[in-house]
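Written out below as structure tokens is the structure these notes cover.
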Amino acid sequence: MTASNQVAEASGQYLVEAAGQAVPVGYKQTEMGLIPEDWRLTTLENIARIIDPQPDHRTPPESSGGVPYIGISDFNNDKTVNWESSRKIISKAVDKQQLSFQLNSGDIIFGKIGTIGQPKFVPSVSFRYALSANVLLIQPKIVSYFVMGWLQSNICQVAINSELHSTSQAAFGINKMRKVLIPLPPENEQTAIANALSDVDALIRSLEKLIAKKQAIKTATLQQLLTGRIRLPQFALREDGTQKGYKQSELGEIPEDWGICELQNAVDFLDGLRKPVKSGDRAKISGIYPYYGASGIVDYVNDYIFDDDLILLGEDGENILSRNLPLAFRVSGKLWVNNHAHVMKPKSNFDIGYLTDFLESLDYSLLNSGTAQPKLNKQACLKIKVVKPTKDEQTAIATILSDMDTEIQTLHQRLSKTRQIKQGMMQELLTGKTRLLRGA
């Protein structure tokens, strides 16, 4: 039986208490609550070397051809480091750090300024790098993955947040880190807990990679289908059975039986009907109908202005142009839309799913009105060129892309559930409520 499977074996001693007994059999009360009687409560400084890699808090001089200077913010979501975008500094800064400490596999960095927490294992690479002044380095003397699990746990994060004071910039210095409490099981149980958490992390990483792969496939498929470079079999042949060709258009090469029109001929703009909920009109807030803005649901209101199947297209804000994509999304039913999104209803010869996907695929950087605040105004929207297959082909394309979105969404839900399971496991395993080892 693997450690991850043994998670389900909760300690009966913890659950069975004598009537009126405050502490379960086999457990003891400590400063941080109940832990098994064979565990001990200690501080982080007793089980790890804690180092401030840049104790003077000065950023070393930058150098365009220098070495990476990394902190928590340089890590990607998949726990890799974005080496290209990280700050580059003179190599003497690494020399200075290496006189004080060496980085080892299993070492952990922890955000101490600005972004507090978010512990990460230091990357293992063939080149040299320095650690930012915004992190602390933790070098565990016990099982590293056990320490990482504790630092990631909600229990530890809550304790750390309670130590933060409201200042202009949040900080959690080395002295506070040294005093962080950690419950410590025997070494063999540390290893069992670490293995269980490692198994779940491996599953999380595999799901993240699978989602990224599926999203890349969907993006490539979207571009191929929406430009006609790939035709679905049922639309690829002429009546005589020969392969349909292509023709030149103002948007480049498109299928011979497709057309092009402006967006104003593909949708009816309903912008004149939208209304913002005024900040003082609290009677509308916390209702039952979604209240949409440029990037999705803003709040809920007590009445509605639309009751239809519509497309919303973000109108202004940095989020529109920084990604070269507005947030174009489909909404339906009774809802309210504020003045930060265009409201469009497709005409009868356009499939709403196809049109939404098409609008999401465009590069809007050239349509910016040139104002200080990025803005995609209505006049620019009206002139957007839309590639127009037949309605049946639009629907077929939209169905394929929708099926891919559904698959990706299902994977996201599974990932979210797995992350929740991990948090639950940490809550149980790292406090000893659930014991992994037989006889524990």
Side-chain angles (χ1 to χ4, degrees), residues 219 221-232 235 244-274 292-295 305-306 308-317 319-332 337-371 373-402:
T219 300
T221 303
L222 180 146
Q223 291 295 333
Q224 295 291 319
L225 290 177
L226 295 181
T227 58
R229 294 188 183 95
I230 291 179
R231 300 295 298 273
L232 299 176
F235 303 103
K244 291 178 181 177
Y246 292 84
K247 63 184 180 183
Q248 286 298 323
S249 75
E250 56 193 308
L251 294 180
E253 196 173 67
I254 64 173
E256 65 180 33
D257 55 337
W258 287 19
I260 291 177
C261 69
E262 292 182 338
L263 186 59
Q264 62 185 327
N265 297 318
V267 303
D268 292 318
F269 274 79
L270 307 180
D271 288 8
L273 300 177
R274 67 185 182 180
Y292 286 93
S295 57
I305 51 176
F306 295 107
D308 213 334
D309 209 8
L310 305 169
I311 299 172
L312 303 187
L313 182 65
E315 178 180 354
D316 53 21
N319 61 315
I320 296 173
L321 300 179
S322 61
R323 297 168 57 237
N324 287 334
L325 289 174
L327 293 176
F329 49 99
R330 179 177 176 176
V331 296
S332 61
V337 181
N338 70 13
N339 60 348
H340 295 286
H342 296 296
V343 186
M344 297 172 286
K345 181 176 176 60
K347 294 183 182 294
S348 60
N349 57 345
F350 272 92
D351 180 275
I352 187 171
Y354 169 83
L355 203 50
T356 303
D357 287 327
F358 183 85
L359 290 172
E360 285 186 345
S361 74
L362 298 180
D363 179 355
Y364 290 82
S365 60
L366 299 178
L367 295 179
N368 186 20
S369 62
T371 58
Q373 171 79 356
K375 191 173 183 66
L376 187 61
N377 62 45
K378 181 178 176 180
Q379 292 305 311
C381 287
L382 291 173
K383 299 299 182 182
I384 289 174
K385 303 296 182 183
V386 179
V387 178
K388 182 182 177 183
T390 64
K391 178 75 173 289
D392 287 344
E393 190 166 2
Q394 292 176 36
T395 302
I397 291 172
T399 298
I400 289 174
L401 296 176
S402 176

Query raised in the report: Taking C-beta and beyond as the side chain, do P346 and D351 meet within less than 4.5 Å on heavy atoms?
Result: no
Report summary line: For D357 and L226 the tightest heavy-atom approach is O-CD1, 3.7 Å
Query raised in the report: So, the side chain of N377 versus the backbone of Q379: is there a donor-acceptor pair under 3.5 Å, distance only?
Result: yes
Query raised in the report: Out of curiosity, T219 OG1 to E360 CD, how far, rounded to the nearest 0.5 Å?
Result: 10.0 Å
Query raised in the report: Which distance, rounded to the nearest 0.5 Å, do you find between the OG1 of T356 and the CG of L401?
Result: 11.0 Å
Query - Y246 to G228 - nearest heavy-atom pair and separation - result: OH-O, 2.7 Å
What pairs of donor and acceptor atoms, side-chain ones from residues 250-257 against any protein atom, are under 3.5 angstrom apart with sequence neighbours left out?
from	atom 1	to	atom 2	distance (Å)
E256	OE1	R238	NH2	3.0
E256	OE1	G245	N	3.1
E256	OE2	R238	NE	2.9
D257	OD1	R231	NH1	3.2
D257	OD1	R231	NH2	3.3
D257	OD2	R231	NH2	3.2
D257	OD2	K244	NZ	2.8

Query - Side chains of F329 and L313 in contact at under 4.5 Å (non-hydrogen atoms) - result: no
Query raised in the report: Among I311, V267, L310, which residue meets the side chain to side chain contact (heavy atoms under 4.5 Å, CB included) test with I352?
Result: I311
Query - Heavy-atom side-chain contact between L232 and I400 under 4.5 Å - result: yes
Requested in this report: Taking the side chain as every heavy atom from C-beta outward, state whether L225 and I397 have any atom pair closer than 4.5 Å.
Outcome: yes
Query - Student check: side-chain heavy atoms of Y354 and T395 closer than 4.5 Å - result: no
Report summary line: Shortest non-hydrogen pair, V386 vs L355, comes out as CG1-CD1, 3.9 Å
Query raised in the report: Would you find a donor on one side and an acceptor on the other, under 3.5 Å apart, between the side chain of H342 and the backbone of L270?
Result: no
**Report entry** Rounded distance [0.5 Å steps], CD1 in I260 versus OG in S249
**Finding:** 3.0 Å
Requested in this report: Indicate yes or no for a side-chain donor-acceptor contact from R274 to the backbone of A341 under 3.5 Å, with no hydrogens or angles considered.
Outcome: yes
Query raised in the report: If only atom types and distance count, is the side chain of Q394 paired as donor or acceptor with the main-chain N or O of P389 below 3.5 Å?
Result: yes
Query raised in the report: Side-chain contact, heavy-atom cut-off 4.5 Å: N338 with Y292?
Result: no
Requested in this report: Quickly, which of K383, M344, K385 forms a side chain to side chain contact (heavy atoms under 4.5 Å, CB included) with L263? Name it, please.
Outcome: M344
**Report entry** salt_bridge(K347, D268) N-O dist < 4.0 Å
**Finding:** yes
Report task. State, yes or no, whether a side-chain contact exists between E393 and W258 at a heavy-atom distance under 4.5 Å. Result -> yes
Query - Nearest-0.5 Å distance, CG of residue D309 to NZ of residue K345 - result: 7.0 Å
**Report entry** Closest non-hydrogen atom pair, N339 against E315
**Finding:** O-OE1, 3.3 Å
Requested in this report: Output yes when a side-chain donor or acceptor of S402 lies under 3.5 Å from a complementary backbone atom of A398, and no otherwise.
Outcome: no
Report summary line: All heavy atoms of F269 vs all of C381, minimum pair found to be CZ-CB, 3.7 Å
Query raised in the report: Under 3.5 Å, side chain of D271 to main-chain N/O of V343, donor-acceptor pair present?
Result: yes
Query - Over all atoms of both residues, closest heavy-atom pair of F350 and C261 - result: CZ-SG, 3.7 Å
Requested in this report: Starting at OG1 of T221, measure out to CD1 of I230 and round the result to the nearest 0.5 Å.
Outcome: 6.5 Å
